Each structure stands twice: as C-alpha cells, then as structure tokens.
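Okay, so here's the structure we're looking at.
Atoms within a ligand are numbered from 1 in the order they appear, just like the ligands themselves. Remember, predicted model here, so these are calculated numbers, not experimental data. By convention here, the first residue in the shown sequence is residue 1.
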Amino acid sequence: MDSKNLIERINSLKKEKNAVILVHNYQRPEIYEIADFIGDSLDLSRKAAETKADIIVFCGVRFMVETAKILSPEKTVLLPDIEAGCEMADMVMAEEVKALKERFPNVPVVCYVNTTAEVKAESDVCCTSANAVKVVNSIPGKDVIFVPDRNLGRYAGSQTKKNMMLADGYCYVHDGIKAEDILRAKKEHPDAKVVAHPECTEDVLKLADSVQSTGGMIKYAKESGSGEFIIVTEVGMAKRLKREFPEKKFYPVGKTCINMKKITLEKVLASLEKEQFKVEVEESVRIRARKSLDRMLER
Ligand code: 13P
Ligand code: SF4
C-alpha cells in the first residue's frame, strides 16, 4: 500500500473505532498527516487526560504512552511499535529513587516525565521540559532531588535558587551535541537565532538565544521577529517547524532519535486493526504515579 492509501485506511479506521492519534513533534513527517494532535510531552499528556475517544494511538515513545494510560486508565492506549522506548527513561530505576529517599528523607523528588511509571510513583512531582523551571521553583525548601536528566536538572537549578541533587542520566541525542557544532552553524547562518532544548549540555545552552521544549520552539518561531533559526535538538524538529512556518528557515543541529522514528504508517495501521500494542500500568503503581502527574498538571 502506498502512503496515500495507508493514510486513507488509517483515517477511516480511526473514525470507525472512535480513536484519536496523538503524535510527538519528533515523529516522521508522514505521521503528522494522520495526527489529531501534534505536540510536546506536556501538550500530549494534557490531550490524553481530556480526550473523549475510546482508543488512543500514541505515536511517540513508551514513557509518553504510559503517561497517557496513567491519566486515562479506562481507555485502550496503543503504542504502534512495542520496541519504541527512551534510553534516558531507563537510566534511573524505582529502586534507586527509593534509596535516595531513604538517604535524604526530607528532600522532595522531582522526576522528568521521561521515566518509567514506577519512578513516577516514587516521586513527589513530575515535570516536562516545558515546565521544569516552574515545577522546581514551586518546591518548598532549598533542596531538590532531580531524576534522571542531569542536563535538564542543572538547567532548572540555574533558573531558580534551588540546590539540585542530580542523577546522572542523559539523552544521547542531546548530550552528544557540542558547543563547536553551534559555533559552526552560527558562522554559516550569522542572522539565525539559536534555539536549544534543555536536555543539551551547559556549554551548548550558554550559546542559545532561547532554551525551549519542542512545543516552546514552535511558539518562539511564531513570536520571534526572526526568519531564521538554528534548531538544537532531535533533527526531525526542523521539519516540524518548517511544516508550521514554510516561509521561515530552520537549520537543524542534532542527531536522530532512533526510537521515535520506529513508528511508521504501516505500524499505525496494524496498531488500529489489531489493537496492538496495549500499554498497561499496574493499578497500585498507576495510582501513585498519577499523583505526581496531577501535581504537575495542577501547577
Ligand atoms: P519535549 O517535551 O520538549 O517534546 O521533549 C521530549 C523529549 O523526549 C525530548 O527529547
Ligand atoms: Fe528519549 Fe532522547 Fe529520544 Fe527524547 S530524544 S525520546 S529523551 S532518547
């Protein structure tokens, strides 16, 4: 089947089954075509919490799909490729968070949404890259344990007056970007604004005109008077921005997230047809993880 036929078939099945397709900004461009909503982790978790559909097909990675299930347990939540995980989300396990809490019983734990449901269940409050500064700032007291992303945690600390106790996780897509890569891109495009994701290192963020989640990048490109941007994150984000603002120029600096690109139109169709792969979260874990997500969504 060619792309046009696949898209038609997906759209008709979606109606028939009262399904909604949520798509992360890093997905392949053809996946945008079947989306009911495209956004960053925060936007997508809000959509998952409020949808009236019976089925959510989530084109993203496992932690995002688990988050949707935690927020909408009565719905069938599907991940079209069961192998689409996030390496950073597997860098801190619930046992390690428990041990940290035993060692520092009075220090609140903030977890990045890029975590397993079990880690969310052990944490006090969750955050995404869009609201990490706000969430960390809202924590009473000076000390904050932050898991798993050392770069996002350090950035959130730099924007607040908190003492961050950081885990050592990172995203290979962002952590591998070097300051020299930005300097080279700036030389080639001297008028472009540099917009970087907070999962990048401190050296890279120092060179940015603006630090934004993927959703924040769309807002920034819209509101900024500039017509050119160096986009420092997963490479697919430049295509996502170009789709939104065809008259502007976007120069990507970054790598590909292999897991995000595992989702294809064929797999989405199979997912809808066979209702695979169902993501489940054990109820006692879900209830506790939900609390940390609700605390985030309330802020
Ligand atoms: P956003 O929430 O900014 O979309 O980021 C998700 C992510 O995994 C970045 O690597
Ligand atoms: Fe995880 Fe990095 Fe991929 Fe985001 S870009 S999903 S943090 S591996």
Tell me the protein N, O or S atoms under 2.8 Å from atom 2 (Fe) of ligand 2, in chain and number order. C171 SG
Ion pair present between [X] and [Y], side-chain N to carboxylate O less than 4.0 angstrom?
X    : Y    : answer
R243 : E33  : yes
R295 : E298 : no
D124 : K291 : no
E234 : K261 : yes

Would I10 and I21 count as a side chain to side chain contact (heavy atoms under 4.5 Å, CB included) here? Give the steps. CA-CA 10 Å; I10 289 168; I21 301 186; 3.6 Å; yes
Polar side-chain atom of K69 near backbone of K75 as donor-acceptor pair, under 3.5 Å: yes
Ignoring hydrogens and geometry, is there a side-chain-to-backbone donor-acceptor pair from K162 to I139 under 3.5 Å? yes
Tell me which residues fall inside the under-4.0 Å heavy-atom shell around ligand 1. H24, Y26, D40, S41, N114, S129, H174, H197, E199, S213, T214
Regarding N114 and D149, do their side chains bring together a donor and an acceptor under 3.5 Å, going by distance alone? no
Y32 ring centre to R240 NZ or CZ under 6.0 Å, with the angle to the axis within 45°? yes
Is K47 close enough and on-axis enough to F37, meaning under 6.0 Å and within 45°, for cation-pi? yes
A student checking ligand 2 against Y26 at a 4.0 Å heavy-atom cut-off should list atoms 5 (S)
